[in-house]
Amino acid sequence: MSRLLDPLHLSRFLRIYDDSASRMGIRVTVGFDFHEYVSITNSLSAKNKTYPNFQPDVSPIQTGDGYWIIGFGKNNDVALVGAARLYRLSQTNFAEHLESLKAFYANPSRDAHPQDRCLCTAPAARRISGKVAYHGDLWVRQDFRGQGMVKIATRIMRGVTFGMWDPDFLCSLAGRWSLDKKVYDPLHNEPGGAELHLVREDIVDNDWLFWLTGDELKELLTAMPDLA
């Protein structure tokens with residue numbers, strides 16, 4: 001079902017948070033070339049390696065099915081990054097997509113390590129299907145943390161995601177600690193999102209599932225922005 005949103009309202013929504021970032025000294029840009037994105041993120045010594053979801057050599061993203069944001073500081077240094085992609089899951093669901101490792105590799109039988117595994121026990125993940133937008137790889141430089149920059153970046157990405165895809169669901173995966181510290185503001189959350197082990201990437205995670213529906217995403221975008 002299409003959820004029409006006044007494009008002027010969406011542009012104003014994005015402008016509010018873009019201006020908020022600007023007042024903090026960050027210029028946010030949006031890009032679509034993931035080779036460029038990985039080249040930039042690999043240069044950030046303080047950031048963990050970008051997950052294979054956004055590595056175009058093992059998980060290519062078709063034109064129009066992904067984007068990234070990068071925030072540059074006053075000296076044109078990278079202060080934040082984040083990425084999003086669209087999974088088309090009309091014949092499956094997010095849990096199965098994770099457990100098959102197709103969320104991470106276009107061809108798991110070729111690119112995944114034989115010992116790679118992912119277990120998803122979050123009940124909601126079995127109901128997440130259709131056009132599923134996935135947000136990940138969000139990183140904010142240490143000197144900008146604790147100032148609301150994560151929430152500003154999250155809201156910018158919500159606006160861009162709706163404008164590009166009008167998804168049935170928007171979801172992400174993150175550790176329980178991020179809930180305890182109120183890093184994000186997920187509308188819904190469940191444990192068991194992804195018990196993940198990727199051998200070559202040296203990734204071992206036990207993440208929660210965060211999600212909201214397309215209707216809830218539209219409601220958030222049409223509500224009065226909250227800059228607190």
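A quick note: this is a predicted structure, and the numbers were derived from the prediction, not measured.
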Could you list the donor-acceptor pairs under 3.5 angstrom formed between side-chain atoms of residues 130-138 and any protein atom two or more places apart in sequence or on another chain?
{"from": "Lys131", "atom 1": "NZ", "to": "Trp165", "atom 2": "O", "distance (Å)": "2.7"}
{"from": "Lys131", "atom 1": "NZ", "to": "Asp166", "atom 2": "O", "distance (Å)": "3.4"}
{"from": "His135", "atom 1": "NE2", "to": "Thr161", "atom 2": "OG1", "distance (Å)": "2.7"}
{"from": "Asp137", "atom 1": "OD1", "to": "Lys47", "atom 2": "NZ", "distance (Å)": "2.9"}
{"from": "Asp137", "atom 1": "OD2", "to": "Tyr37", "atom 2": "OH", "distance (Å)": "2.5"}
{"from": "Asp137", "atom 1": "OD2", "to": "Lys47", "atom 2": "NZ", "distance (Å)": "3.2"}
{"from": "Asp137", "atom 1": "OD2", "to": "Thr50", "atom 2": "OG1", "distance (Å)": "3.0"}

>> Apply side-chain contact (heavy atoms from CB on, under 4.5 Å) to residues Tyr51 and Glu201 and explain how you reach the verdict.
In response: CA-CA 8 Å; Tyr51 277 42; Glu201 306 291 337; over 6 Å; no

> Going from CD on Glu99 to OG1 on Thr121, what distance comes out if it is rounded to the nearest 0.5 angstrom?
Replying inline: 8.5 Å

> Which heavy atom in Ile203 sits nearest to a heavy atom in Pro52, and how many Å separate them?
Replying inline: CD1-CD, 4.3 Å

>> Is any side-chain heavy atom of Trp68 closer than 4.5 Å to one of Glu36?
In response: yes

>> How close do Cys171 and Leu209 get, counting heavy atoms only, and between which atoms?
In response: CB-CD1, 4.1 Å

> Got a donor-acceptor contact below 3.5 angstrom from the Asp6 side chain to the Leu8 backbone?
Replying inline: yes

> Is there side-chain contact between Leu179 and Phe210, with heavy atoms separated by less than 4.5 Å?
Replying inline: yes

> To the nearest 0.5 Å, what is the distance between NZ (Lys102) and OG (Ser109)?
Replying inline: 9.0 Å

>> Does atom CG (Asp143) have a neighbourhood of more than 12 heavy atoms from anything else shown, all under 6.0 Å?
In response: yes

> Atom CG of Leu198 and atom SG of Cys118: how far apart are they, to the nearest 0.5 Å?
Replying inline: 7.5 Å

>> Do Leu173 and Trp208 make a side-chain contact, defined as non-hydrogen atoms from C-beta onward lying under 4.5 Å apart?
In response: no

> Are the side chain of Glu190 and the backbone of Ala124 linked by a donor-acceptor contact shorter than 3.5 Å?
Replying inline: yes

>> For a 4.5 angstrom cut-off between non-hydrogen side-chain atoms, does Val38 reach Asp57?
In response: no

>> For residues Phe169 and Leu220: do they belong to one hydrophobic cluster (side chain heavy atoms under 4.5 Å, members Ile, Leu, Val, Met, Phe, Trp, Tyr)?
In response: no

>> Show, in sequence, the C-alpha distance, side-chain angles and deciding distance for Asn206 and Arg176, and conclude whether the side-chain hydrogen bond (donor to acceptor under 3.5 Å, both in side chains) test is met.
In response: CA-CA 8 Å; Asn206 188 0; Arg176 169 60 191 266; over 6 Å; no

> Looking only at side chains, do Ser20 and Arg155 share a donor and an acceptor under 3.5 Å apart?
Replying inline: no

> Does the side chain of Ile61 reach to within under 4.5 Å of the side chain of Phe54, using non-hydrogen atoms?
Replying inline: yes

>> With heavy-atom distances below 4.5 Å as the criterion, would you say the side chains of Gln55 and Phe104 are in contact?
In response: no

> Are the charged groups of Glu219 and Arg158 less than 4.0 angstrom apart, N to O?
Replying inline: no

> Rounded to the nearest 0.5 Å, how far does OH of Tyr17 lie from CZ of Arg12?
Replying inline: 15.5 Å

> Distance from Ile156 atom CD1 to Leu80 atom CG, nearest 0.5 Å?
Replying inline: 7.5 Å

> Should Ile128 and Leu119 be regarded as members of a common hydrophobic cluster, given that ILVMFWY residues are connected when their side-chain heavy atoms come within less than 4.5 Å of each other, either directly or indirectly?
Replying inline: no

> With sequence neighbours excluded, what pairs up with Arg15 under the salt bridge (charged side-chain N to carboxylate O under 4.0 Å, His left out) test?
Replying inline: Asp19

> Closest heavy-atom contact between Ala106 and Pro60?
Replying inline: CB-CD, 3.8 Å

> Would you say the side chain of Val81 lies within less than 4.5 Å of the side chain of Ile70, judging by non-hydrogen atoms?
Replying inline: yes

> Which heavy-atom pair separates Phe34 from Gly66 by the least distance, and what is that distance?
Replying inline: CE1-C, 3.7 Å

> Is any side-chain N of the basic residue among Arg200 and Asp111 closer than 4.0 Å to the acidic one's carboxylate O?
Replying inline: no

> Is the backbone N or O of Val150 less than 3.5 Å from a side-chain atom of Thr154, with the two atoms forming a donor-acceptor pair by type?
Replying inline: yes

> Linking I/L/V/M/F/W/Y whenever their side-chain heavy atoms sit closer than 4.5 Å, directly or via other members, would Ile26 and Tyr67 fall into one cluster?
Replying inline: yes

>> When you compare the side chain of Asp116 with that of Tyr105, does any pair of heavy atoms fall below 4.5 Å?
In response: yes

>> Test of understanding: clusters of I, L, V, M, F, W, Y form through side-chain heavy atoms closer than 4.5 Å, transitively. Do Val58 and Leu196 belong to the same one?
In response: yes

> What are the two closest non-hydrogen atoms of Met164 and Gly64, and how far apart are they?
Replying inline: CE-O, 3.7 Å

> Can you check side-chain contact (heavy atoms from CB on, under 4.5 Å) on Val160 and Ile69, steps first, answer last?
Replying inline: CA-CA 10 Å; Val160 175; Ile69 66 169; 5.5 Å; no

> Can you tell me if CG on Asp180 sees more than 12 non-hydrogen neighbours from other groups inside 6.0 Å?
Replying inline: yes

> What are the two closest non-hydrogen atoms of Pro191 and Ala122, and how far apart are they?
Replying inline: O-CB, 3.4 Å

> Given the rule that I, L, V, M, F, W and Y join up when any side-chain heavy atoms are under 4.5 Å apart, are Trp211 and Leu86 in one cluster?
Replying inline: no

> For the atom pair OG1 (Thr92) and CZ (Arg126), what is the distance rounded to the nearest 0.5 Å?
Replying inline: 8.5 Å

